[in-house]
Amino acid sequence: MPSCEPGPAPACLPAKTFRSYLPRCHRTYSCVHCRAHLAKHDELISKSFQGSHGRAYLFNSVVNVGCGPAEQRLLLTGLHSVADIFCESCKTTLGWKYEQAFETSQKYKEGKYIIEMSHMVKDNGWD
């Protein structure tokens, strides 16, 4: 069984200096632009979401992201209060965090995160 301890970085790559590193034994999603870790596959809730620019995934929790100010937006599923999220390493806007849902059927999204597929790459053990 593989160890969950982070291993040394390959010698040919520059050292990464992200705030959080996810264990190497977990399948993870990383920023396609700078390879900062974003989320463990275990935190994935749904692959059936739509972002501003295409398909997106809904996650329970993420790492290495910052949040902008919340604002109300009329999305496909109704009015929500959302805050854009960005990669802390390269500052690319990745998606948003659901702060508040105004329709009862959408309350499950509160506190969850959308990351657009175009900004993610799969890392660690997807073979």
Side-chain angles (χ1 to χ4, degrees):
M1 180 168 216
S3 168
C4 280
E5 295 303 314
C12 60
L13 297 176
K16 297 179 183 176
T17 56
F18 310 133
R19 291 185 350 195
S20 296
Y21 291 88
L22 298 173
R24 294 181 72 123
C25 67
H26 291 285
R27 292 185 294 170
T28 59
Y29 297 92
S30 298
C31 177
V32 72
H33 309 286
C34 70
R35 297 303 276 255
H37 293 170
L38 298 175
K40 291 191 300 187
H41 182 65
D42 295 347
E43 295 297 320
L44 177 65
I45 297 170
S46 175
K47 296 180 180 181
S48 301
F49 275 72
Q50 185 70 30
S52 299
H53 304 101
R55 287 188 52 208
Y57 289 0
L58 180 70
F59 291 93
N60 195 43
S61 67
V62 295
V63 296
N64 297 318
V65 300
C67 252
E71 62 183 33
Q72 291 186 3
R73 290 188 196 154
L74 185 58
L75 303 174
L76 293 173
T77 55
L79 185 65
H80 294 79
S81 176
V82 298
D84 285 337
I85 59 170
F86 58 89
C87 175
E88 282 281 2
S89 180
C90 69
K91 307 304 183 204
T92 299
T93 299
L94 304 169
W96 60 79
K97 178 183 181 186
Y98 287 101
E99 298 288 350
Q100 184 179 6
F102 296 100
E103 295 183 24
T104 305
S105 65
Q106 302 300 309
K107 291 286 187 185
Y108 75 95
K109 296 177 185 174
E110 291 181 348
K112 309 294 190 287
Y113 301 84
I114 287 287
I115 300 179
E116 294 183 356
M117 288 183 60
S118 61
H119 298 298
M120 291 188 298
V121 65
K122 295 176 179 178
D123 274 332
N124 298 334
W126 287 92
D127 299 332

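Predicted model, so just to flag it, every value in this text is computed and none were measured.
- Going from atom CD1 of Ile114 over to atom OH of Tyr57 covers 11.5 Å, rounded to the nearest 0.5 Å.
- Of all heavy-atom pairs between Asn64 and Leu38, the closest is O-CD2, 4.5 Å.
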Could you walk me through whether Thr77 and Lys109 pass side chain to side chain contact (heavy atoms under 4.5 Å, CB included), step by step? CA-CA 11 Å; Thr77 55; Lys109 296 177 185 174; 2.8 Å; yes
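- Of the inter-residue distances, the one linking Ser61 atom OG with Leu44 atom CG reads 11.0 Å to the nearest 0.5 angstrom.
- Under the 4.5 Å side-chain criterion, counting only non-hydrogen atoms from C-beta, Leu58 is in contact with Tyr108.
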Evaluate the criterion side chain to side chain contact (heavy atoms under 4.5 Å, CB included) for residue pair Cys31 and Cys90; output intermediate values, then yes/no. CA-CA 9 Å; Cys31 177; Cys90 69; 3.7 Å; yes
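- Residues Arg27 and Lys122 have side chains not in contact (no heavy-atom distance under 4.5 Å, counting atoms from C-beta outward).
- Here Ile45 contributes atom CD1 and Tyr113 contributes atom OH; the two are 11.0 Å apart, rounded to the nearest 0.5 Å.
- Remark: Phe59 CZ to Asp42 CG distance equals 11.0 Å, nearest 0.5 Å.
- Under the 30°/60° scheme for interplanar angles, the aromatic rings of His119 and His33 are found to be tilted.
- Nearest heavy atoms, Ala39 versus Val62: CB-CG1, 4.3 Å.
- A distance-only check finds a donor-acceptor pair linking the side chain of His80 to the backbone of Gly78 [under 3.5 Å].
- Residues Leu75 and Tyr98 have side chains in contact (heavy-atom distance under 4.5 Å, counting atoms from C-beta outward).
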Side chain to side chain contact (heavy atoms under 4.5 Å, CB included) assessment of Gln72 paired with Gln100: CA-CA 9 Å; Gln72 291 186 3; Gln100 184 179 6; 6.0 Å; no
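- If you take CH2 on Trp96 and SG on Cys67, they are separated by 13.0 Å, rounding to the nearest 0.5 Å.
- The CD1 atom of Ile85 lies 9.5 Å from the CD atom of Glu116; values are rounded to the nearest 0.5 Å.
- Nearest heavy-atom pair, Lys91 versus Glu88, reported as atom, atom and distance to 0.1 Å: NZ-O, 2.9 Å.
- With contacts defined as side-chain heavy-atom distances shorter than 4.5 Å, the pair Val121/Arg35 qualifies.
- Connection of Met117 to Phe86 is not established within any shared hydrophobic cluster, with ILVMFWY side chains joined at heavy-atom distances below 4.5 Å, either directly or through further cluster members.
- In this structure, Asn60 and Lys112 have side chains that are in contact, with non-hydrogen atoms separated by less than 4.5 Å.
- Side chains of Asp84 and Thr93: a donor-acceptor N/O pair is absent below 3.5 angstrom, by distance only.
- In this structure a side-chain-to-backbone donor-acceptor pair under 3.5 Å is missing from Asp123 to Thr28.
- When side chains are defined from C-beta on, Ile115 does not count as touching Tyr29, because their heavy atoms never get closer than 4.5 Å.
- Of all heavy-atom pairs spanning Ala101 and Gln106, the tightest one is CB-O, 3.3 Å.
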